[in-house]
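Counting starts at 1 for both ligands and their atoms, following the listed order.
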Amino acid sequence: MKLLYARTSPYVRKVLVLAHETGQAEAIEIGPVAAVPTERNPDTVGHNPLGKVPTLVLDDGTALFDSRVICEYLDARSAGPRLFPDGEARWDALARQALADGLLDAALLLRYERVLRPATARWDAWEAGQVAKIAGALDRIEATLAGPASALDIGAVATACALGYLDFRFPDLGWRTGRPAAAAWYEAFGRRPSMQRTTPED
Ligand SMILES: N[C@@H](CCC(=O)N[C@@H](CS)C(=O)NCC(=O)O)C(=O)O
(Lines give C-alpha, C1' and ligand atoms only; values in the text may rest on other atoms or scores of the structure.)
Protein backbone atom coordinates (compact mmCIF):
# COMPACT_ATOMS: atom_id res chain seq x y z
CA MET A 1 0.00 0.00 0.00
CA LYS A 2 1.14 3.52 -0.81
CA LEU A 3 0.60 6.64 1.27
CA LEU A 4 0.23 9.90 -0.65
CA TYR A 5 2.27 12.01 1.66
CA ALA A 6 3.61 15.44 2.57
CA ARG A 7 6.24 15.68 5.28
CA THR A 8 4.75 18.93 6.61
CA SER A 9 1.20 17.57 6.98
CA PRO A 10 0.08 16.95 10.57
CA TYR A 11 -2.69 14.63 9.35
CA VAL A 12 -0.12 12.52 7.49
CA ARG A 13 1.96 12.54 10.66
CA LYS A 14 -0.98 11.14 12.61
CA VAL A 15 -1.16 8.19 10.20
CA LEU A 16 2.59 7.58 10.37
CA VAL A 17 2.74 7.80 14.16
CA LEU A 18 -0.03 5.21 14.36
CA ALA A 19 1.79 3.06 11.77
CA HIS A 20 4.98 3.16 13.86
CA GLU A 21 3.14 2.46 17.11
CA THR A 22 1.38 -0.57 15.60
CA GLY A 23 4.48 -1.93 13.86
CA GLN A 24 3.28 -1.26 10.30
CA ALA A 25 5.54 1.56 9.12
CA GLU A 26 7.63 -0.80 6.96
CA ALA A 27 4.50 -2.01 5.13
CA ILE A 28 3.71 1.47 3.83
CA GLU A 29 5.36 2.86 0.72
CA ILE A 30 5.71 6.63 0.91
CA GLY A 31 4.67 8.66 -2.16
CA PRO A 32 5.44 12.38 -1.76
CA VAL A 33 2.94 14.67 -3.50
CA ALA A 34 2.26 18.41 -3.49
CA ALA A 35 -1.01 19.26 -1.71
CA VAL A 36 -2.11 22.87 -2.05
CA PRO A 37 -5.80 23.93 -2.07
CA THR A 38 -5.31 26.34 -4.96
CA GLU A 39 -3.87 23.72 -7.33
CA ARG A 40 -5.36 20.43 -8.54
CA ASN A 41 -2.60 17.83 -8.44
CA PRO A 42 -3.44 15.02 -10.89
CA ASP A 43 -1.28 12.58 -8.87
CA THR A 44 -3.64 13.04 -5.95
CA VAL A 45 -7.06 13.80 -7.43
CA GLY A 46 -6.96 10.60 -9.49
CA HIS A 47 -7.26 8.77 -6.16
CA ASN A 48 -8.99 11.36 -3.98
CA PRO A 49 -11.23 13.97 -5.64
CA LEU A 50 -10.65 16.24 -2.64
CA GLY A 51 -6.96 16.41 -3.60
CA LYS A 52 -5.81 16.04 0.01
CA VAL A 53 -3.18 14.10 1.89
CA PRO A 54 -3.11 11.68 3.52
CA THR A 55 -4.64 9.30 0.98
CA LEU A 56 -3.80 5.61 1.26
CA VAL A 57 -3.87 3.62 -2.00
CA LEU A 58 -4.27 -0.09 -1.31
CA ASP A 59 -2.68 -2.76 -3.50
CA ASP A 60 -6.00 -3.35 -5.32
CA GLY A 61 -6.23 0.37 -6.17
CA THR A 62 -8.81 1.26 -3.52
CA ALA A 63 -8.12 4.73 -2.10
CA LEU A 64 -8.82 5.43 1.57
CA PHE A 65 -9.12 8.93 3.00
CA ASP A 66 -9.14 10.93 5.25
CA SER A 67 -6.67 10.47 8.13
CA ARG A 68 -9.37 9.16 10.49
CA VAL A 69 -10.41 6.43 8.05
CA ILE A 70 -6.79 5.50 7.30
CA CYS A 71 -5.89 5.36 11.00
CA GLU A 72 -8.86 3.13 11.73
CA TYR A 73 -8.02 0.90 8.75
CA LEU A 74 -4.42 0.45 9.90
CA ASP A 75 -5.53 -0.13 13.47
CA ALA A 76 -7.96 -2.84 12.38
CA ARG A 77 -5.19 -4.74 10.55
CA SER A 78 -2.68 -4.35 13.38
CA ALA A 79 -1.30 -7.62 14.70
CA GLY A 80 0.17 -5.70 17.63
CA PRO A 81 -1.08 -2.81 19.75
CA ARG A 82 -4.48 -1.22 18.98
CA LEU A 83 -5.03 2.51 19.38
CA PHE A 84 -8.81 2.57 18.88
CA PRO A 85 -10.19 1.19 22.15
CA ASP A 86 -13.45 -0.75 22.50
CA GLY A 87 -16.30 -0.01 24.88
CA GLU A 88 -16.80 3.28 26.66
CA ALA A 89 -13.14 4.32 26.21
CA ARG A 90 -13.72 4.45 22.44
CA TRP A 91 -15.98 7.51 22.59
CA ASP A 92 -13.51 9.43 24.74
CA ALA A 93 -10.62 8.58 22.39
CA LEU A 94 -12.64 9.55 19.29
CA ALA A 95 -13.77 12.80 20.90
CA ARG A 96 -10.17 13.73 21.76
CA GLN A 97 -9.17 12.92 18.17
CA ALA A 98 -11.99 15.15 16.87
CA LEU A 99 -10.88 18.00 19.13
CA ALA A 100 -7.26 17.74 17.97
CA ASP A 101 -8.30 17.44 14.32
CA GLY A 102 -10.57 20.46 14.73
CA LEU A 103 -7.66 22.42 16.17
CA LEU A 104 -5.66 21.40 13.10
CA ASP A 105 -8.45 22.35 10.71
CA ALA A 106 -8.40 25.88 12.18
CA ALA A 107 -4.59 25.97 12.12
CA LEU A 108 -4.50 24.90 8.46
CA LEU A 109 -7.06 27.55 7.51
CA LEU A 110 -4.95 30.11 9.35
CA ARG A 111 -1.82 28.91 7.58
CA TYR A 112 -3.48 29.14 4.16
CA GLU A 113 -4.79 32.58 5.04
CA ARG A 114 -1.30 33.81 5.96
CA VAL A 115 0.65 32.09 3.19
CA LEU A 116 -1.67 31.67 0.20
CA ARG A 117 -4.25 34.45 0.35
CA PRO A 118 -3.16 37.72 -1.31
CA ALA A 119 -2.47 40.32 1.40
CA THR A 120 -5.12 42.65 -0.03
CA ALA A 121 -7.83 40.01 0.40
CA ARG A 122 -7.10 39.05 4.01
CA TRP A 123 -9.84 39.35 6.60
CA ASP A 124 -8.71 40.03 10.17
CA ALA A 125 -11.96 38.92 11.83
CA TRP A 126 -11.84 35.60 10.03
CA GLU A 127 -8.22 35.04 11.09
CA ALA A 128 -9.12 35.98 14.70
CA GLY A 129 -11.93 33.43 14.57
CA GLN A 130 -9.49 30.63 13.70
CA VAL A 131 -7.07 31.74 16.46
CA ALA A 132 -9.98 31.65 18.93
CA LYS A 133 -10.86 28.07 17.90
CA ILE A 134 -7.23 27.02 18.40
CA ALA A 135 -7.10 28.68 21.83
CA GLY A 136 -10.39 27.10 22.88
CA ALA A 137 -9.23 23.65 21.80
CA LEU A 138 -5.92 24.12 23.64
CA ASP A 139 -7.77 25.09 26.82
CA ARG A 140 -9.89 21.94 26.58
CA ILE A 141 -6.75 19.83 25.98
CA GLU A 142 -5.14 21.45 29.03
CA ALA A 143 -8.18 20.72 31.21
CA THR A 144 -8.30 17.11 30.00
CA LEU A 145 -4.59 16.47 30.53
CA ALA A 146 -4.71 17.96 34.02
CA GLY A 147 -6.84 14.90 34.94
CA PRO A 148 -5.71 11.25 34.94
CA ALA A 149 -2.97 10.59 32.36
CA SER A 150 -4.49 9.45 29.09
CA ALA A 151 -3.50 6.14 27.53
CA LEU A 152 -1.69 5.71 24.22
CA ASP A 153 -4.69 5.87 21.94
CA ILE A 154 -5.77 7.69 18.79
CA GLY A 155 -6.80 10.71 20.87
CA ALA A 156 -3.29 11.02 22.29
CA VAL A 157 -1.67 10.59 18.86
CA ALA A 158 -3.91 13.25 17.29
CA THR A 159 -3.30 15.63 20.21
CA ALA A 160 0.48 15.24 19.97
CA CYS A 161 0.44 15.82 16.19
CA ALA A 162 -1.69 18.95 16.65
CA LEU A 163 0.64 20.39 19.30
CA GLY A 164 3.65 19.50 17.14
CA TYR A 165 2.11 21.37 14.22
CA LEU A 166 1.68 24.49 16.35
CA ASP A 167 5.38 24.29 17.25
CA PHE A 168 6.24 23.87 13.58
CA ARG A 169 4.08 26.58 11.99
CA PHE A 170 2.88 28.83 14.80
CA PRO A 171 5.59 29.29 17.45
CA ASP A 172 4.28 32.88 17.71
CA LEU A 173 1.07 31.58 19.32
CA GLY A 174 3.03 30.43 22.39
CA TRP A 175 0.59 27.58 23.10
CA ARG A 176 2.42 26.43 26.26
CA THR A 177 1.82 29.70 28.09
CA GLY A 178 -0.71 29.06 30.87
CA ARG A 179 -1.01 25.38 29.89
CA PRO A 180 1.56 23.52 32.02
CA ALA A 181 -0.21 20.14 31.92
CA ALA A 182 -0.31 20.06 28.13
CA ALA A 183 3.30 21.27 27.91
CA ALA A 184 4.54 18.55 30.30
CA TRP A 185 2.48 15.85 28.61
CA TYR A 186 3.74 16.84 25.14
CA GLU A 187 7.33 16.96 26.36
CA ALA A 188 7.05 13.31 27.44
CA PHE A 189 4.96 12.10 24.47
CA GLY A 190 7.27 13.82 21.99
CA ARG A 191 10.14 11.57 23.08
CA ARG A 192 8.44 8.49 21.66
CA PRO A 193 10.35 7.09 18.65
CA SER A 194 7.15 7.34 16.56
CA MET A 195 7.15 11.11 17.13
CA GLN A 196 10.89 11.53 16.69
CA ARG A 197 10.82 9.72 13.33
CA THR A 198 8.00 11.86 11.95
CA THR A 199 9.13 15.36 12.96
CA PRO A 200 7.93 17.80 10.27
CA GLU A 201 10.39 19.83 8.25
CA ASP A 202 10.16 21.98 5.11
N1 LIG B 1 -9.68 15.97 7.27
C2 LIG B 1 -8.51 15.65 6.50
C3 LIG B 1 -7.64 16.90 6.32
C4 LIG B 1 -6.50 16.66 5.34
C5 LIG B 1 -5.87 17.97 4.88
O6 LIG B 1 -6.46 19.06 4.94
N7 LIG B 1 -4.63 17.86 4.37
C8 LIG B 1 -3.96 19.03 3.82
C9 LIG B 1 -2.46 18.95 4.07
S10 LIG B 1 -2.09 19.16 5.76
C11 LIG B 1 -4.15 19.04 2.32
O12 LIG B 1 -4.06 18.02 1.68
N13 LIG B 1 -4.41 20.24 1.76
C14 LIG B 1 -4.59 20.40 0.36
C15 LIG B 1 -5.97 20.91 0.04
O16 LIG B 1 -6.72 21.32 0.94
O17 LIG B 1 -6.30 20.88 -1.15
C18 LIG B 1 -7.72 14.52 7.17
O19 LIG B 1 -7.95 14.28 8.37
O20 LIG B 1 -6.96 13.81 6.48
| request: Give, for atom SG of Cys161 and atom CZ of Arg13, the distance between the pair rounded to the nearest 0.5 Å. | output: 5.5 Å
| request: Give every residue pair that meets the ring-ring contact (aromatic ring centres under 6.0 Å, His included) criterion with at least one member in residues 40-86, sequence neighbours excluded. | output: none
| request: Look up atom OH in Tyr186 and atom CH2 in Trp175, then write down how far apart they are to the nearest 0.5 Å. | output: 7.0 Å
| query | Do you know which of Arg114, Arg122, Arg111 makes salt bridge (Lys or Arg N to Asp or Glu O under 4.0 Å) with Glu127? | reply | Arg114
| message | Show me, by chain and number, every protein residue that has a heavy-atom distance under 4.0 Å to ligand 1. | response | Ser9, Pro10, Tyr11, Ala35, Val36, Pro37, Gly51, Lys52, Val53, Pro54, Asp66, Ser67, Leu108, Tyr112
| Strictly by modelled atom types, are Arg68 and Gln97 linked by a side-chain donor-acceptor pair under 3.5 Å? | no
| Does the side chain of Leu166 come within less than 4.5 Å of Leu103's, by heavy atoms? | yes
